[in-house]
Amino acid sequence: MSEITPEIVEAHGLNLEEYDRVLAAMGREPNLLELGIFSVMWSEHCSYKSSRFYLKQLPTEAPWVICGPGENAGVIDIGDNQAAIFKMESHNHPSYIEPYQGAATGVGGILRDVFTMGARPIANLNALRFGRPEHPKMQHLVKGVVAGIGGYGNCVGVPTVGGETNFDPAYDGNILVNAMTVGVADQDKIFYSAATGVGNPIVYVGSKTGRDGIHGATMASADFDDDSDAKRPTVQVGDPFTEKLLIEACLELMATDAIVAIQDMGAAGLTSSSVEMATNGKVGIRLDMNKVPCREDGMTPYEMMLSESQERMLMVLKPGKEAMAEAIFHKWELDFAVIGEVTEGGHMVLEFGGEVVCDIPLGPLAEDAPEYQRPYATKDEYQAWAQVKPLGEIPESTDIGADLLKLMASPALASRRWIAEQYDSQVGADTLQTGGDAAVVRVHGTRKALAMTTDCTPRYCYADPYEGGKQAVAEAYRNLCAVGARPLAITNCLNFANPQRPEIMAQFVGCLEGMGDACRALDFPIVSGNVSLYNESKATGGGSAILPTPAIGGVGIIEDYSAMMRPRMTPNMELFCVGKATSNLGQSIWLKVVHGRTEGSPPATDLAEARKTGEFIRTLIAEGEASAVHDVSDGGILVALAEMALASDTGIKLGRVQDAGYWFAEHQGCYIVACADNSLLSLAAQAGIPCEHLGSAQTDAEITADGWNVSLTDLREAHESFFRDWMEG
Amino acid sequence: MAFRAAVITFPGSNCDRDMAVAVEQASGTAPIRVWHGDAELPERLDFIALPGGFSYGDYLRSGAMAARSPIMRAVIAAAERGVPVLGVCNGFQVLTESGLLPGALMRNAAQNFICRTAALKVENNQTLFTRGYDAGQTIHIPIAHHDGNYFADEDTLDRLEGDGRVAFRYAEPCNGSRRDIAGILNRAGNVLGMMPHPERAMEAEQGGSDGRALFASIVEAALITA
């Protein structure tokens, strides 16, 4: 009588064709434990089976890239034998089910990916997408996610310095929580995951294993349905206090020469960590499940292997280093157990109660993993399906000032202060800038600083996946240039709906094409990333896919932070728009907020211009020609000016009369620059860069134009009112 | 004589490095780092700092478990001998939990964690910690806490005010603290607990350097005593 029925296979998220591959890989029928291991390793979350083919086409190399995708996080050279290590990861489904713990453990997981490699985490960022504010669950979700991110990040002592938040009905039943961590390590103290050295001990450290999070990776790879509450037990519970101890203990051990390889237990816990370590090192592994530290009695090997309990790591040590390592972990009051060894032969063998309970050939587990090139809709088919209306006749604005106030008060552009103030952004005492175009944190004890940003405009990605993918990368590039940083590399977090639908696959393929082209044009490679598919929910009534959301996390370097730029100006400075402005109001927030219309193509990004303008801006900053810089993005030029006015508490007197098309089009590739005088006009002309004088900063606390004016008091009230009224009203 | 300071690290402290950096910037000498499990402090200390963070995860109550750790017995003894002790944020919570300072720090009135730069009024500049400030001066220091809502009964508050033991007050209400108290002293004036983080305000690049005078005052006081 077979133990494995078709129902059991289906419950493990494998289809029958995939189960046949399991049979071929094993050469026999698997037992339940072995099936469980295959199911998590071949889940979308761990195997990237629908995305791998396309990810391979992204540019991942540059002279400053030390380690690209494939390890726990990407590694880049930042000079002086130091490296920046960073990655962004999703924790979407858990955060919808249980927002506080889902978001908290998302932060915990990405921190571990970074310190696993030897880096001390120096900053966290997060990219959040929520549904309509008026959705009955949304206030609860926003409060829970923000409290969870803060609760974890604040406690571990890593400053949360930046990120972005969007609202759109497409996320009503499936919010997105993407967390990014940036760390710094010495280049000769970077740790990788490949297990080597037959006979070397395999060591488990951190928290004990419990029954929480079993099958989390499989859940993350399935559509959502109405019984999401019933899935709450699959959400892990985070303990940032233990994580803080784990960071300190790991970094203390890493300062010695005891570690051969190390890997955190993230999604699919002990299974994925042990399989990946052995597979990367082309060795076998033997684990004694009786030695796994467990939180409760009577746990089965199946539960131990599939648990996603948090704050755990797996290491391979050099022989004879066990006692020294154990002393460090005991000092930090953490569990430490030798649970197995590296073996020859390429098998994963698990023993329990003296018997072999699992014996899987690792080669086939990795090599035979399914890889799909799923069918995708053509551009025309996609456009027909997406039903993006062409841009219709646009009425001229009757009151630019009133439009500005409406925009600044809209959920899309309102101040995020309510969120930002719940995060400790200053711990470490190295944070130099938050709330500007990019966050800036100095590398401790040096003159260097890292600039970081997260960017994506999902409504552009929906209307035109290729342009949207390009724009996300180009905006990250611009944000880094605007603070005076040299853009180095990006991480991505690719959130999409069900890839088995050709239209969704068209979004994925299109966004990646655009992203790849932008990375190549801007010399801005992708060094790490994460894919989150099946982000759609029937909870809101029928197959509603999220907007395609390929979130980008960009990192750049400022060689001497005394040259860092801010969007802060003082009265009498001259204001310019640098870069090519267009007047395409398609997909603009103005069209949506003022006229309630979502139409047209998103503004196109000219990558050659983006690079040229970015380099010009960086030169201006380096040579002290610019006093304040701010990127133009959501909302357009006038919104960028208003943000500068608020950040500086300084009014603006605008010059030439412009129409809504100029003020509110979301030009891709423009910066607002404030200067002491008008010499920028000739500098830009020499460089062949468009530059327009907009007006000047003034002592009167208002934005003044011919025919309208808005006081900073009204502007600030508009900007602050949305979150205040929603959360505290 | 070099300035001898100790910075205590509890499991979960996360501003210990920042505190050590600030002490070194002000005194020119790196402080001694002391582990919570140690039973004794180094000898001849000029200054002891209890840093911010989440000692023991803030489980039970903020600062409650740290207040009962082995090293705190030595810190209490040193404070009684007159060694200057500064507790910032979680360090302030440890000081109230250990009985070195009166009152308690409750959850912020709005229930949320708050991180921002707060304007503080220097209420008493006649202390070893605040002599570098002018009386009534407004300074800007970052705050970052969930449990910073200072509470004490009315009699205690009157006594603190009457004895000049309110060192700093928030310039405007921020976390629900009684009488907007941000920092208080013990009766002898050698123990200061405060929620704001002066160690995060040492350089202009950090957004302001108003915290520097506090550390400079402590170092100067040690020189005068020596």
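The analysis underlying the following values was restricted to heavy atoms, covering all of them including side chains, and did not include hydrogens, waters or symmetry mates. Throughout, protein chains are lettered first and strands after them, A, B, ... in sequence-line order, and every chain is numbered starting at 1. Please read these numbers as outputs of a predicted model, since none were measured by experiment.
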Chain B heavy atoms under 4.5 Å from Val156(A): which part of the residue, side chain, backbone, both or neither? backbone
Check whether any side-chain heavy atom of Leu41(B) lies under 4.5 Å from a side-chain heavy atom of Ile8(B), and answer yes or no. yes
In terms of heavy-atom proximity below 4.5 Å to chain B, should Leu432(A) be classed as side chain, backbone, both, or neither? both
Check whether any side-chain heavy atom of Leu125(A) sits under 4.5 Å from a side-chain heavy atom of Val161(A), and report yes or no. yes
What I'd like to find out is whether the side chain of Ile328(A) reaches to under 4.5 Å of the side chain of Phe336(A), using heavy atoms alone. no
Side chain to side chain, Val85(B) and Leu192(B), heavy atoms closer than 4.5 Å: no
How close do Gly210(A) and Ser309(A) get, counting heavy atoms only, and between which atoms? N-OG, 2.8 Å
With a 4.5 Å heavy-atom cut-off, do Leu86(B) and Leu214(B) have their side chains touching? yes
Write out all chain A-chain B donor-acceptor pairs shorter than 3.5 Å, or none if the list is empty.
unit_1    : atom_1 : unit_2    : atom_2 : d
Asn154(A) : O      : Asn14(B)  : ND2    : 3.1
Cys155(A) : O      : Asn14(B)  : ND2    : 3.1
Asp239(A) : OD1    : Tyr59(B)  : OH     : 2.5
Glu421(A) : O      : Cys115(B) : N      : 2.6
Glu421(A) : OE1    : Arg116(B) : NE     : 3.1
Glu421(A) : OE1    : Arg116(B) : NH2    : 3.0
Glu421(A) : OE2    : Arg116(B) : NE     : 3.3
Asp424(A) : OD1    : Arg200(B) : NH1    : 2.9
Asp424(A) : OD2    : Arg200(B) : NH1    : 3.4
Asp424(A) : OD2    : Arg200(B) : NH2    : 2.9
Gly428(A) : N      : Asp18(B)  : OD2    : 2.7
Gly428(A) : O      : Arg17(B)  : NH2    : 3.1
Ala429(A) : O      : Gln206(B) : NE2    : 2.9
Asp430(A) : OD2    : Arg17(B)  : NH2    : 3.1
Arg442(A) : NH1    : Glu203(B) : OE1    : 3.0
Arg442(A) : NH2    : Glu203(B) : OE2    : 3.0
His444(A) : ND1    : Arg17(B)  : NH2    : 3.2

Are the side chains of Leu128(A) and Phe130(A) in touch, meaning some heavy atoms are under 4.5 Å apart? yes
